[in-house]
Amino acid sequence: MENGLESTGDSRLDQAVTQWLQYDKSELQKCFGARMEFGTAGLRAAMGPGVSCMNDLTIIQTTQGFCAYLEQCFTDLKQRGVVIGFDARAHPPSGGSSKRFACLAASVLISRGVPVYLFSDITPTPYVVYWANGAQIIPPHDKGIAAAIEQNLEPWPKSWDTDGALQSSLLNDPYQDIHREYCKTIQQHCFHRELNTNSEVKIVHTSVHGVGHIFVQAAFKAFDLHPPYAVEQQKDPDPEFPTVKYPNPEEGEGVLTLSFALADKEGATVILANDPDADRLAIAEKQESGQWRVFSGNELGALLGWWIFQCWKLQKGEGKASIKDVYMLSSTVSSKILSAIAVKEGFHFEETLTGFKWMGNRARELMDQGKTVLFAFEEAIGYMCSPAVLDKDGVSAAAIAGEFVSYLASKNITLSHQLRSIYEEYGYHISKNSYFICRNQDTIKQMFECLRNYDGENSYPKECGGFAITAVRDLTTGYDSNQPDNKAILPTSKSSQMITFTFANGGVATIRTSGTEPKIKYYTELCAAPGNSDLNQLKTELDNLVDAIVEHFYQPEKNNLTPRPE
């Protein structure tokens, strides 16, 4: 075959390949331009041929690298084994599926004598354990795995042998055991079983064509809650997500249209919605006006955090940990409401970098020191309500929310009323998050460099449109004006941009780039003191602060930024 390539054994195919290589540059660039990057969240890419895409070969190569890295890290890997789960997604253009990828990954590991615990059916992400400590990987593991992938690109002799692997004595199915243990474990967070049994509150649940239906029904049963009404058109897994434009309950009302209709028909007042992986949870409540209110991730963080603390206080009489050993966590871009509750109630609050990989690992560290981690959350509707899963988990969160709603209903209180009570007791925390789209990396870099050299070289802004700035933390450079040596405590990353400004009026704003999308995001919050409950005035002040940040820091016209589509 020409071009120094080996023959495929089919002369017509050889000729077609040679001709393609001569004529087509753009498609090949798309498929082979750059290998997918392995990061702390693993691999993300479109399905298709070539090293830039997800396909059977790149899955084998990735698993081989992962296996080689595990062999370096764990001398007892053949005793430990590896857990593999999959979701319901299919990939018709290339004939692959999540299950197919799982079987290929199992083949690679079994070919090296590593026991594999492969779930026989779809599972929520939280059912699959992560690193040996139960949390997602953080640096330097990502770099170590990426390097090992590059060193193990040629398929090992038995990597393709899925039939052999599926017959192997090294293959185990943990599905029933894990499902049973999970339902048993989350029951330690059930505190009002009798009330749950007698509750007349009606709840609707949608799994948005994902994996959540079976597991949320089982979790409700574990709490003796009445089964939620399931949205029939969305309860079964469907990789095409036919009833929604985008299957993310964070996107709000479009995803919940069928849920609203079912709730109205059944007389339900609360809707719980999982994302397709069942690791996130959205909640909506019918208001007295008849309108539905979809709570933001920060509002749900306040509600669930408050409730879990109340439940902890209930058990305190049973010789539970001292309040000085109790912790809650949230990410830097999430609401500071848990901090306000912690200050007043006497437990510890810590913030971590964005993402549950950081919260999960920090929770593990704290638990290893004998501390109690009650709750962690991020504003993107992710909640860790049980330390049994060191990651966001929409299944346990749904059951705990179900009990919370039943408890409130028994007192004739709504979620909205309870949220207002929390804000009145601990101070209103109102947030406004959005983003601009920018596809020019030089513009993004220039925008952040302007902020770092705002009033001359190496000087950050001291005010923004009349709003005085009292502190700056830059987790790209490692600068933090709040620390005695001006050095940030949280880990820094030069590969992503992230600056947080604290304002004299109680405002906090974080501006950061997205690791996966061409977005410059902003997360803003106004933290008012308890007693300041003029909500309209607070909202106006936050709107004015956001307008000033956009005008002076983003400068959308000058930087040619596209606003978030409405």
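We're numbering straight along the sequence, starting at 1.
Under a cut-off of 6.0 angstrom, the local environment of CD in Glu37 is sparse, with at most 12 non-hydrogen atoms contributed by other residues, nucleotides or ligands. More than 12 heavy atoms of other residues, nucleotides or ligands lie within 6.0 Å of CD in Glu517, so this atom counts as buried by the packing criterion. For Asn412, the CG atom counts as loosely surrounded, since its 6.0 Å shell holds 12 or fewer non-hydrogen atoms of other residues, nucleotides or ligands. Tyr407 OH: 12 or fewer foreign heavy atoms inside a 6.0 Å radius. Heavy-atom contacts from other residues, nucleotides or ligands closer than 6.0 Å to NZ of Lys521 number more than 12. Atom CZ of Arg193 has more than 12 heavy atoms from other residues, nucleotides or ligands within 6.0 Å.
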Worksheet item: Going through the checks in order, is the side-chain contact (heavy atoms from CB on, under 4.5 Å) test met by Phe349 and Ser330?
Response: CA-CA 8 Å; Phe349 166 76; Ser330 72; 3.3 Å; yes
Practice prompt. List the steps and the verdict of side-chain contact (heavy atoms from CB on, under 4.5 Å) for Asn274 and Phe215.
Written response: CA-CA 11 Å; Asn274 288 119; Phe215 304 99; over 6 Å; no
Worksheet item: Stepwise, does the side-chain contact (heavy atoms from CB on, under 4.5 Å) test hold for Met498 with Thr510?
Response: CA-CA 7 Å; Met498 183 167 174; Thr510 295; 3.9 Å; yes
Worksheet item: Can you list the steps and then say if Ile122 with Phe86 is a side-chain contact (heavy atoms from CB on, under 4.5 Å)?
Response: CA-CA 5 Å; Ile122 56 171; Phe86 56 91; 4.0 Å; yes
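The closest donor-acceptor contact from the side chain of Lys202 to the backbone of Glu200 lies at 3.5 Å or more, if one exists at all. Counting only distance, with no hydrogens or angles, the side chain of Asp279 and the backbone of Asp275 share no donor-acceptor pair below 3.5 Å. Of the possible polar contacts, one joining the Glu525 side chain to the Lys336 backbone as a donor-acceptor pair under 3.5 Å is found. Not one N or O on the side chain of Ser168 forms a donor-acceptor pair closer than 3.5 Å with the backbone of Gly164. Side-chain N or O atoms of Arg439 include none that pairs as donor or acceptor with a backbone N or O of Pro518 at under 3.5 Å. Looking only at distances, no side-chain donor or acceptor of Glu285 sits under 3.5 Å from a matching main-chain atom of Thr269. Although no hydrogens or angles enter the test, the distance criterion places no donor-acceptor pair under 3.5 Å between the side chain of Asp177 and the main chain of Glu181.
A heavy-atom distance below 4.5 Å is not found between the side chains of Glu299 and Leu415. Between Phe38 and Ile137, the closest side-chain pair of non-hydrogen atoms falls below 4.5 Å. Side-chain contact between Leu104 and Thr63: absent, with no pair of heavy atoms (C-beta onward) separated by less than 4.5 Å. No side-chain heavy atom of Ile381 sits under 4.5 Å from any side-chain heavy atom of Phe295. When side chains are defined from C-beta on, Asn55 counts as touching Thr58, because their heavy atoms get closer than 4.5 Å. Side-chain contact between Val373 and Arg362 is absent, with no heavy atoms from C-beta onward closer than 4.5 Å. In this structure, the side chains of Leu109 and Cys67 come closer than 4.5 Å at one or more pairs of heavy atoms. Between Thr125 and Tyr130 the shortest side-chain heavy-atom distance falls below 4.5 Å.
Shown here for Thr524 and Lys432, the closest heavy-atom pair between the two residues is OG1-O, 2.6 Å. Here the closest heavy-atom approach between residue His348 and residue Ala342 is recorded as C-CB, 4.2 Å. The two residues Leu77 and Val82 make their nearest non-hydrogen contact at CD1-CG2, 4.3 Å. The two residues Val129 and Gly134 make their nearest non-hydrogen contact at CG1-CA, 4.0 Å. The nearest pair of heavy atoms linking Pro115 to Asn172 is CB-ND2, 4.4 Å. Of all heavy-atom pairs spanning His189 and Thr185, the tightest one is CD2-O, 4.4 Å.
Between the CD atom of Glu403 and the CZ atom of Phe220 there is a distance of 10.5 Å, given to the nearest 0.5 Å. Separation of atoms OG (Ser331) and CZ (Phe377) is listed at 7.0 Å; rounding is to 0.5 Å. The distance from atom CG of Asp277 to atom OG1 of Thr123, rounded to the nearest 0.5 Å, is 9.5 Å. Residue Trp306 holds its CH2 atom at 10.0 Å from CD of Glu345, rounded to the nearest 0.5 Å. The distance from atom OH of Tyr522 to atom CD1 of Ile511, rounded to the nearest 0.5 Å, is 10.0 Å. Distance check: Ile271 CD1 to Trp292 CH2 gives 4.0 Å after rounding to the nearest 0.5 Å.
In this structure, a donor-acceptor pair under 3.5 Å is absent between the side chains of Asn196 and Ser199. With hydrogens and angles left out, the side-chain atoms of Thr243 and Gln234 include a donor and acceptor closer than 3.5 Å. Remark: the Ser416 side chain and the Gln287 side chain contain an N/O donor-acceptor pair separated by less than 3.5 Å. With hydrogens and angles left out, the side-chain atoms of Ser335 and His429 include no donor and acceptor closer than 3.5 Å. Asn298 and Glu379 are not linked by any side-chain donor-acceptor pair at a separation below 3.5 angstrom, with hydrogens and angles left out of the test.
A salt bridge does not link Arg293 with Glu288: every distance from a Lys NZ or Arg NE/NH1/NH2 to an Asp or Glu carboxylate oxygen is 4.0 Å or more.
Aromatic ring centres of Trp307 and His192 lie closer together than 6.0 Å.
Note on ring orientation: taking the six-membered ring where Trp is involved, the planes of Tyr127 and Tyr182 are tilted (angle from 30° to 60°). Note: Tyr175 and His179 have tilted aromatic rings, judged against thresholds of 30 and 60 degrees for the angle between ring planes. Ring pair His205/His213 is parallel by interplanar angle, where below 30° counts as parallel and above 60° as perpendicular.
Residue Ser410 is tested with Val201, Leu195, Val405 for a side-chain contact (heavy atoms from CB on, under 4.5 Å); the sole match is Leu195.
A cation-pi arrangement is found for Lys519 relative to Tyr435, the charged atom lying closer than 6.0 Å to the ring centre and inside a 45° cone about the ring normal.
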